Structures are given as structure tokens and as C-alpha cells.
Amino acid sequence: MSQKQVRTRYAPSPTGSMHIGNLRSALYEYLVAKSQGGVFVLRIEDTDQKRQVEGALQKIYDTLKLAGIQHDEGPDVGGNYGPYVQSERKHLYLAYAKQLVESKHAYYCFCDKERLDSLRQSQEHEGAKYDRHCLGLSEREIKENLDSGMPYVIRQKMPTEGSVTYHDAVFGEITVPSSELEDQILVKSDGFPTYNFANVVDDHLMEITHVVRGSEYVSSTPKYILLYEAFGWDVPVFIHLPLITKEGGRKMSKREGDASFVDLIDMGYLPEAIVNYVALLGWSPRDNQEIFSLKELEEVFDIKGISKSPSTFDFEKLNWMNREYIRKMDLDAFHAKAIEEYKKASLTETTADLHKVSQLLRERIEFFTQIPENVDFLVKMPDNYDLNMYNHKKMKTSTENSVEFLEASYQSLAQLMDWNFQSIEKALMDTVETLGVKNGQILWPVRTAISGKQMTPGGAFEIADILGKEETLSRLQISMDRLKTFNENQ
RNA sequence: GGCCCAUUGGUCAAGCGGUUAAGACAUCGCCCUCUCACGGCGGUAACAGGGGUUCGAAUCCCCUAUGGGUCACCA
């Protein structure tokens, strides 16, 4: 390879939100460039005027930004190879197409939609190709048609014999018989280039060195190769990525409503976790590291680690990764994000020391959206929680002996002047010792009595600390009263 | 249907002719433990099938099967 600077590009069409496959393409384009000190450019392919979607461009910017995948050149940041929006480059393509007509690599075609449709219908299977009807037109016929303003397209003339072979950085040698190649349209009748053509022209003009894209393009790549050869241009390195499928093996698609990046964000996944997870879908590092920051990925990414076979998007693993990221968050950052959820649960600074709550939660939640259900009991103890929770075989507690244990705990807690984790712990552990019972016999009932829940983030010490003395004692009293009433009625 | 590609445990995957076939997620069990979570230890579980080549094949070749991709004036 030459020492030319590596340049990659992400070239989405603004037709909707970015699904996971798109995101992964963008990520790998970015990583291929950055891992080699290269440049990553964003180019918008809006040559299909009919499919433009309002706001789609903004979504692309937003997604890239959220994911931390920043482009060095693009419509919004400029660069020396602009414009970066294909509709603004429209005038360029026709000249290149005509150049191909001159060199006999392409030709004018005047067939209308009706003829093409009936042609397709008369052929049995899909895959039937254009019959080259217009290839036989004479110079004069072409000129007449053109002069009369008849709509036309320009088609690429494929070789009739042999095959086309190219080398793919991940799939290796790919050979396709020429007979499989259709005389594809380069310039449409509305004057816009097709994706395939604009792509080649722009990649060349923008000096793209590595074309990274989904493997759905492997079989059309020979057509690209032919184009590069017809122009006499250097062929870039092709890196086709294995597809990401959903459970069951189907390709992810927007049409089927599969999760887009922003959907996942809305579900509560952290952008970093998604990026990390997606990086590992179809690529693996030399060692067994799994948690990577974008920066780390930029350093260790290697094309050799890209696999050929499609991979299934697995939410279970993403969940795990999300939790890993949450646990690694700086406590202040966690807290800042958690506050929104506390609000949803009506949990305020007056009911509890929210920093302490955050500390407990950071170790336990998988999603921020799980916070409300985890803190509801702090706001208000469940009214009629099941007293059966006191009957715990392993803890050796029952609705009967719990009354006694709770009373002893109440007494020792009530005497506390300083109310904090340490003092609470000492008071309760002293109670354990005084009564000569197991830790669990005191701590299980206390935790139950002040939370009313089977499971809580944190144990008796933490919860009592967060609740404060007054509330803790009040809850203990309520629970003891309920227990007594219950026992008497047995 | 033609063409192209793929196929290691449920999932992500390492492996590039000689390994007890890694590791992670999930799952199960045990330990730790006042619940949950964390952590620790351990278990179940894979080379799609058949032929070759080779002293030796998950690794190379062929066939079959399965899965996927692609066959637009869409990208």
C-alpha cells in the first residue's frame, strides 16, 4: 500500500432513523480511519428525491453525535472535497457518464417504464436482465431522440463474457460471472445519478481509500470495479461487513420496526454501551477484552478482526454491558441522570438523601428506568405488605418472634443520638449480641419492617440511614402493631 | 430460480494442520450474605452432515443440507 492518507466515508441516505446496522457501518468506517490516523467523512446520498424524509438529516447528525462518532468532513463541518451532499453535486455526474458513453462503456437508453415492466413480466424469474434494446440504436437514432427531448437514461454496458473478480478485505476473492451483471442505470431520467454511480464518482473525487459497507453490496461490487476500470481510477479497498440479524436470523430493517439507535436510547441504554456492544458484533479484538471506550477501539481496531458470518443482536448481552457501564459511571454523573427518575417516583431530597440512594442503586440497576420501582418504598411504605415475609426459615424468624426482635431493635435505635450508618449498625449488632441471636434474626425483620418489601436496594442499615430516625421508628412501630394484631387473631 | 456468501455451545466468539476446542453473555449449582445486586468457585453445553487430501483435520478440497444476501430509473 502507498502511504496515502486513509479516508473513509459514511454515506447514508436521509430516509429515516439510523438502525443498528447503519450505526455499525458508521462506527467501523470511523474506526478503520481512526485506527490508521485517517479521516472520516460524512456524505449525504440524497439522489432519490422521492424518498427524502423530513428531519432525517438531523437524526443522522444527532445519532452520530450521541454515539461520539465525529466526522472530520461533512455538510455541516465542511472540508476540501465538498459539497458533501449529492444533490448539490448533481451537475458533476452527467459529464462523467457521458465520458463513459464516449469510451463505449455506457450507452443511452430510451426505454420507458411500460416497456421495462412488460419486459420483466414476460421473463419468468426475477433476475432477468435488461434486454439491451437500446444498445443497438444507431448514432443517428440516438441523436434524433436526444434532439427531440425524449427522456433518457444512461446505462452501463457490461461485458458479455468472462467474469469479474475483486479482492475484499474480509471476504477475500469474490468472482461473479459477467453474465450476471445487468446493464445498470448510471444516470436516471430526472438527471440524478443512481446510488451506484454517484458512489463511485464521489468516492473517487473525495479520495476515499476504504469503502466500508454492509455485505448486501458484495454482489454488486463487480459493477463498481468495472466502473473504476472504465475510468482508469484506483480501486479502493473494499471492506464488506457481515450483516447484523435479529433473533431468528433475519436482517434488521427499519421497515420491520427494528430498534434504531435512538429507540435503544429511549429504552434506557447508554450510548457508550450500545457503541461498545455493536463494535463487538462482527469484530473481535486480539485478546479477550470486552469493555472498550471509543478511544480504546480507535487504538486496537483492526480489519483482520472482522468476521464473515452474520451475527445476531442479543439484548441479553447488551443488558449486561449496559449494567457494566452504569456501574463504572462516576457517582456524580450517575446521580445527575438518576434525578429525573427520582422525580418520577416523587422521591425528593426531603424524603431521603438522594446521593446515598444513588450509591446503592448504581451497583444494582441495569437501566435507569428501573429506578422508580426500586425506590418507591422510600417515599411510602407499602400499606398492606404481606406479613408472611416475616416467616423466613433460613433467617429463623416468624411473625411471632419478629415482634420481640423488632421491639428490642426499636429500643436500641430510639436511644441513638447520632443517626448514621455506623451508629445504626452498632446499635443493631449490639442488639444481636444482647439477645444472643443470629444477625438475620434482627436484620431481616428490621429490613422488612421499614421497607415492606421482599427485596430492596441495600439492607437494614442503609435503609434506616436513608429514612432517618423519625421515619424509621415510625415504620417500625406500624409494623410491630400490625404484627401484634395479626398474631392475636391467629 | 440464477449468482454470491456463510455455517464452532441458546447468543457473541477465539482458533488459521497436532489444543484437555479459549473467553464473554445467558443458564444451573455452591459459597459469601439481613433481601436484592456485587464478588468467588464449579457445572451443563459446540466444530451442520458426508466424502476426500494428510501420519494427523474445526482448520485444506469436493458434494449435500441449512441460513443469509442480491437480482429497481432504492440506497
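Chain letters run A, B, ... following the sequence lines, proteins first, then strands; residues in each count from 1. Owing to the predicted nature of the structure, the values given are computational and were not obtained by experimental measurement.
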Output yes when at least one side-chain N/O atom of K438(A) is less than 4.0 Å from OP1 or OP2 of U33(B), else no. no
What nucleotide, of C38(B), A24(B), G69(B), holds the atom closest to the side chain of E216(A)? G69(B)
F315(A) has an atom CZ; how far is it from atom P of C12(B), in whole Å? 14 Å
On RNA chain B, more 5' by nearest nucleotide between W444(A) and E173(A) is E173(A)
Could you tell me whether R89(A) and E45(A) make a salt bridge, using a distance below 4.0 angstrom between a side-chain N and a carboxylate O? no
Would you tell me if any nitrogen or oxygen in the side chain of N288(A) comes within less than 4.0 Å of OP1 or OP2 on A24(B)? no
Give me the distance, rounded to whole Å, that separates C5(B) from C63(B) when you measure between the P atoms they each carry. 12 Å
Select base, sugar-phosphate, or nothing to describe what K453(A) touches, counting heavy atoms under 4.0 Å on all strands. nothing
Using a 6.0 Å distance limit plus a 45 degree cone around the ring axis, check whether R447(A) lies over the aromatic ring of Y385(A). no
Return the nearest nucleotide to the side chain of M455(A); candidates are C36(B), A75(B), C34(B). C36(B)
Do the side chain of S189(A) and the base of C73(B) come within less than 3.5 angstrom through a donor-acceptor pair of N or O atoms? yes
For nucleotides A21(B) and A45(B), find the distance between their C1' atoms and express it as a whole number of Å. 13 Å
Run the salt-bridge test on R115(A) and D131(A) with the 4.0 Å N-O cut-off and return the result as yes or no. yes
Short side-chain N/O contact from T47(A) to OP1 or OP2 of A75(B), under 4.0 Å: yes
Would you kindly give the CZ-to-P distance between F367(A) and A37(B), to the nearest whole Å? 15 Å
5'-most contact on RNA chain B (nearest-nucleotide basis), K304(A) vs E366(A), goes to K304(A)
For A13(B) and S311(A) - does any side-chain N or O of the residue sit under 4.0 Å from the phosphate oxygens OP1/OP2? yes
When you compare A13(B) with C25(B), how far apart are their P atoms, in angstrom units rounded to a whole number? 16 Å
Identify whether any heavy atom of S284(A) sits under 4.0 Å from a base atom; if not, whether one sits that close to sugar-phosphate; answer base, sugar-phosphate or nothing. sugar-phosphate
Given 3.5 Å as the limit, does a donor-acceptor pair link the side chain of D203(A) with the main chain of V200(A), or not? no
Sugar-phosphate only, base, or nothing, as touched by T175(A) at under 4.0 Å among non-hydrogen atoms: sugar-phosphate
Which nucleotide wins on minimum distance to the side chain of E180(A), given the candidates A6(B), C3(B), C34(B)? C3(B)
How would you label the contact of Q184(A) with the nucleic acid (heavy atoms, under 4.0 Å): base, sugar-phosphate, or nothing? nothing
Taking the P atom in each of C12(B) and G50(B), what is the distance between them to the nearest angstrom? 24 Å
For T312(A) and C12(B), is the shortest distance between a side-chain N/O and OP1 or OP2 below 4.0 Å? yes
Between C34(B) atom P and E433(A) atom CD, what is the distance in whole Å? 15 Å
Geometric cation-pi criterion, R155(A) with Y130(A): 6.0 Å, 45°: yes
Check whether the side chain of K317(A) and the base of A26(B) form a donor-acceptor pair under 3.5 Å. no
Atom CE of M381(A) and atom P of U35(B): how far apart are they, to the nearest Å? 20 Å
Q49(A) vs D190(A), side-chain hydrogen bond (donor to acceptor under 3.5 Å, both in side chains): CA-CA, chis, key distance, verdict: CA-CA 10 Å; Q49(A) 297 295 298; D190(A) 65 0; over 6 Å; no
Using the P atom in both, what is the distance from A48(B) to C41(B), to the nearest Å? 31 Å
Does H392(A) have any ring-ring contact (aromatic ring centres under 6.0 Å, His included) partners at least two apart in sequence or in another chain, and if so, which? W444(A)
With a 4.0 Å cut-off on heavy atoms, is G282(A) in touch with a base, just the backbone sugar-phosphate, or nothing at all? sugar-phosphate
So among D376(A), T448(A), N374(A), which one has a side-chain hydrogen bond (donor to acceptor under 3.5 Å, both in side chains) with K453(A)? D376(A)
Is there a side-chain contact between K308(A) and the phosphate of C5(B), meaning an N or O under 4.0 Å from OP1 or OP2? no
Please give the distance between the P atoms of U11(B) and C62(B) as a whole number of Å. 27 Å
Measuring from the side chain of F171(A) (C-beta onward, heavy atoms only), which nucleotide among A75(B), A6(B), C71(B) has the closest atom? A6(B)
Find the runs of at least 3 consecutive base pairs, i with j, i+1 with j-1 and so on, that include RNA chain B, using Watson-Crick or G-U wobble geometry with both distances under 3.5 Å. B:1-7 with B:65-71, B:10-12 with B:23-25, B:27-31 with B:39-43, B:48-52 with B:60-64
Please work out if F192(A) contacts a base, only the sugar-phosphate, or nothing of the nucleic acid, heavy-atom cut-off 4.0 Å. nothing
Check this for me: does any side-chain nitrogen of one of D46(A) and R51(A) sit under 4.0 Å from a carboxylate oxygen of the other? no
Gap in Å between the two C1' atoms, one belonging to C55(B) and one to G39(B), rounded: 49 Å
Out of C3(B), G68(B), C36(B), which nucleotide sits closest to the side chain of L243(A)? G68(B)
Against the six-membered ring of F368(A), is K337(A) placed for a cation-pi contact (under 6.0 Å from the centre, within 45° of the normal)? yes
Check ion pair K356(A)-E462(A) (N to O, under 4.0 angstrom): no
Can you tell me, in whole Å, how much space there is between the C1' of A22(B) and that of C4(B)? 32 Å
Please determine, for the side chain of W320(A), which listed nucleotide (A24(B), U35(B), A75(B)) has the closest atom? A24(B)
Given A37(B), U7(B), A24(B), which nucleotide is nearest the side-chain atoms of E290(A)? A24(B)
Nearest of U35(B), C38(B), C71(B) to any side-chain atom of R323(A)? C38(B)
Rounding to an integer number of Å, can you tell me how far K246(A) NZ sits from C12(B) C1'? 19 Å
Does a sphere of radius 6.0 Å around CE in M455(A) hold more than 12 heavy atoms from other residues, nucleotides or ligands, not counting ones at 6.0 Å or beyond? no
Could you tell me whether R327(A) contacts a base, only the sugar-phosphate backbone, or nothing, with contacts defined as non-hydrogen atoms closer than 4.0 Å? sugar-phosphate
Side-chain N,O (R362(A)) to OP1/OP2 (A37(B)) below 4.0 Å: no
Do K394(A) and U33(B) have a side chain to base donor-acceptor pair shorter than 3.5 Å? yes
Regarding L281(A), tell me which of base, sugar-phosphate or nothing describes its non-hydrogen contacts under 4.0 Å with the strands shown. sugar-phosphate
Interatomic distance where CG belongs to L241(A) and P belongs to A75(B) [whole Å]: 21 Å
By the 4.0 Å heavy-atom rule, please label F313(A) as base, sugar-phosphate, or nothing. nothing
Without decimals, in angstroms, what is the distance between I154(A) CD1 and C73(B) C1'? 12 Å
Rounding to a whole Å, what distance do you find between Y277(A):OH and C12(B):C1'? 6 Å
